[in-house]
Amino acid sequence: MPDKLKVALLGCGVVGTQVARLLTEQADDLGARVGAPLDLVGVAVRDLSVPREGVDPALLTTNAEALVAGADVVVEVMGGIEPARSLILRAIEHGASVVTANKALLAQDGPTLYAAADAAGVDLYFEAAVAGAIPIVRPVRESLAGDTVRRVLGIVNGTTNYVLDRMATDGLDLDQAVKEAQALGYAEADPTADVEGFDAAAKAAILASLAFHTRVSIDDVQREGITSLTADDVAWAAGTGHVIKLLAIAERNTADDGTEGIQVRVHPALVPADHPLAGVHGAFNAVFVEAEAAGELMFYGRGAGGAPTASAILGDVVSVARHRVLGGRGPVESSYADLPVLPAAAARTRYQVRLEVRDQPGVLAQVAAELAEHGVSIEAVRQTAAPDADVARLLITTHAASEQALAGTVEAIGGLDVVRAVVSVLRVEGA
Ligand SMILES: NC(=O)C1=CN([C@@H]2O[C@H](COP(=O)(O)OP(=O)(O)OC[C@H]3O[C@@H](n4cnc5c(N)ncnc54)[C@H](O)[C@@H]3O)[C@@H](O)[C@H]2O)C=CC1
Ligand SMILES: N[C@@H](CC=O)C(=O)O
Ligand code: NA
């Protein structure tokens with residue numbers, strides 16, 4: 001049994017500072033849980049002169065390569081692809097177990113990291129990479145390993161949920177709300193990753209890989225962010241009894257030719273105001289999992305922020321450290337099912353389409369004819385007056401239609417002389 005375990009920390013920003021603080025403050029309890037003391041031996045940073053509250057300056061180093069070579073457990077919270085990937089691989093080569101929060105790296109090159117960890121017989125843990133503090137990686141990877149997951153639906157990006165919530169409840173514009181999310185430590189180093197849906201897409205890829213025992217990379221995820229949403233969209237959503245949420249959806253599906261596969265997508269969607277996901281406010285995250293035997297499960301909590309994310313990391317540190325003390329390893333990559341990723345165009349959803357049309361006889365019939373022509377069935381139509389006397393607003397809700405059929409319909413409707421504008425097209429989920 002080792003007399004102590006050397007822990008190296010790579011990165012000391014929003015998350016790293018909290019990991020260092022908790023490792024120090026909770027040292028006695030953590031050591032007792034692991035069965036050997038955890039010794040924080042160094043913290044790799046880019047700039048030694050930046051003050052870091054609660055972190056002993058003597059631990060700081062700019063030599064990350066040397067640091068990882070002597071550690072038992074390496075915690076990577078610097079983010080980005082390089083040098084994070086090389087440092088993780090070096091750590092593994094030197095026999096260290098790795099805990100990372102780096103969803104971007106896992107979603108781009110997870111299999112390389114898994115293979116290296118497997119070859120070296122060490123652990124690769126990443127609970128913090130999906131939905132921050134919420135235990136979701138472990139439940140999907142371990143607790144549901146005996147079940148068949150059918151669908152995962154969730155709010156997995158705290159920044160965009162915070163932004164949409166502030167837009168809906170306080171009328172803030174997108175830029176203002178993003179600045180607040182940055183100040184609160186929720187946003188990625190480049191918040192474009194959040195608002196354009198890349199961060200949620202990376203998390204969706206990781207969840208889909210675990211849920212469906214299939215390699216899914218970020219390139220397999222159909223992605224749309226929230227930057228084209230307007231205050232008007234948010235207000236309209238409220239007026240129709242919905243809220244707009246950025247959703248990550250991973251599901252088993254069957255293509256038209258009968259191929260069984262999966263679809264993974266991230267996009268804004270209208271969620272009915274009485275749906276549990278509609279009540280997820282601020283930077284909170286929530287993930288629904290539907291499994292054949294378990295039924296519906298919901299996981300809820302803080303998806304971003306320094307201390308919540310550090311909680312998930314420390315949980316992983318205790319797990320991998322215990323393995324080093326007691327022997328054994330955690331789960332390895334499971335990709336045996338190797339399901340095909342089906343084309344996004346085949347995904348079926350309900351839609352709300354908002355139009356501005358000429359207020360004259362026969363307009364509705366022309367619009368309805370285009371929907372019928374493309375095989376898209378109407379669930380409801382609502383007409384309201386617009387400020388211009390000769391203009392009307394139409395809100396069309398469809399039954400579930402394929403993305404391909406809907407796109408064709410919208411293009412045809414937009415080309416009608418009587419249609420002044422297609423104001424917005426939003427999917428409706430969770431109804
Ligand atoms: N902030 C959050 O709420 C969450 C963040 N994450 C992930 O955790 C990781 C860290 O995120 P944050 O702490 O928010 O980022 P951050 O930008 O606050 O901190 C990263 C730190 O790593 C340092 N760093 C970057 N490259 C370095 C290098 N080559 N050598 C030494 N230091 C280097 C940076 O100077 C910075 O201080 C990212 O992978 C992020 O996606 C995951 C869940 C939640
Ligand atoms: N930027 C991310 C942080 C956690 O993963 C978010 O906003 O959720
Ligand atoms: Na998590």
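Throughout, numbering of the chain's residues begins at 1 and tracks the sequence. Counting starts at 1 for both ligands and their atoms, following the listed order.
- Of all protein heavy atoms, the one closest to atom 29 (N) of ligand 1 is P83 CG, 3.3 Å.
- Side-chain contact of D316 with S319: a donor-acceptor pair under 3.5 Å is absent, judged by distance alone.
- For atom 8 (O) of ligand 2, the closest non-hydrogen atom on the protein side is G158 N, 2.6 Å.
- Among all protein heavy atoms, the one lying closest to atom 17 (O) of ligand 1 is A189 CB, 4.2 Å.
- Ranking the protein heavy atoms by distance from atom 26 (N) of ligand 1 puts R46 NH1, 3.4 Å first.
- Nearest to atom 19 (O) of ligand 1 by heavy atom, out of G79, G13, A202, A104, is G13.
- The closest protein non-hydrogen atom to atom 42 (C) of ligand 1 is K103 NZ, 3.4 Å.
- Using a 4.0 Å cut-off between charged side-chain N and carboxylate O, R21 and E53 make no salt bridge.
- Distance alone, capped at 3.5 Å, places no donor-acceptor pair between the R350 side chain and the E429 backbone.
- Within the listing of ligand 1, atoms 3 (O) sit less than 4.0 angstrom from a heavy atom of A304.
- We find that R252 and E260 are not joined by a salt bridge, their nearest charged nitrogen and carboxylate oxygen being 4.0 Å or further apart.
- For atom 14 (O) of ligand 1, the closest heavy atom belonging to the protein is V14 CB, 3.7 Å.
- Taking only nitrogen or oxygen atoms, main chain and side chain alike, G303 does not reach within less than 3.5 Å of ligand 1.
- On a distance-only criterion, E188 and ligand 1 share at least one N/O pair closer than 3.5 Å.
- Taking atom 31 (C) of ligand 1 as the reference point, the nearest protein heavy-atom neighbour is V45 C, 3.3 Å.
- Atom CD of E251 sits about 10.0 Å away from atom CZ of R150, to the nearest 0.5 Å.
- Where the criterion is an N or O separation shorter than 3.5 Å, residue side chain and backbone included, V15 meets it with respect to ligand 1.
- The parts of A101 lying near ligand 1 are both backbone and side chain, judged by heavy-atom distances below 4.0 Å.
- When only non-hydrogen protein atoms are considered, atom 24 (N) of ligand 1 lies nearest to M78 CB, 3.7 Å.
- Assignment of G132 to the shell around ligand 2 is not supported, since no heavy atom sits closer than 4.0 Å.
- With a 6.0 Å cutoff to the six-membered ring centre and a 45° limit on the axis angle, R141 counts as a cation-pi contact of Y125.
- The protein atom (non-hydrogen) at minimum distance from atom 44 (C) of ligand 1 is T309 OG1, 3.1 Å.
- The shortest N or O to N or O distance between K203 and ligand 2 is under 3.5 Å.
- Given atom 7 (O) of ligand 2, the protein heavy atom at minimum distance is T159 OG1, 2.6 Å.
- At a threshold of 4.5 Å between non-hydrogen side-chain atoms, the residues L144 and L297 count as touching.
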When you look at K179 and D173, which way does the salt bridge (Lys or Arg N to Asp or Glu O under 4.0 Å) test go after all the steps? CA-CA 10 Å; K179 284 200 179 90; D173 69 29; over 6 Å; no
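- Ligand 1 has an N or O atom lying under 3.5 Å from an N or O atom of G185, backbone or side chain.
- R329 has a carboxylate O that lies under 4.0 Å from a charged side-chain N of D118, or vice versa, which qualifies the two as a salt bridge.
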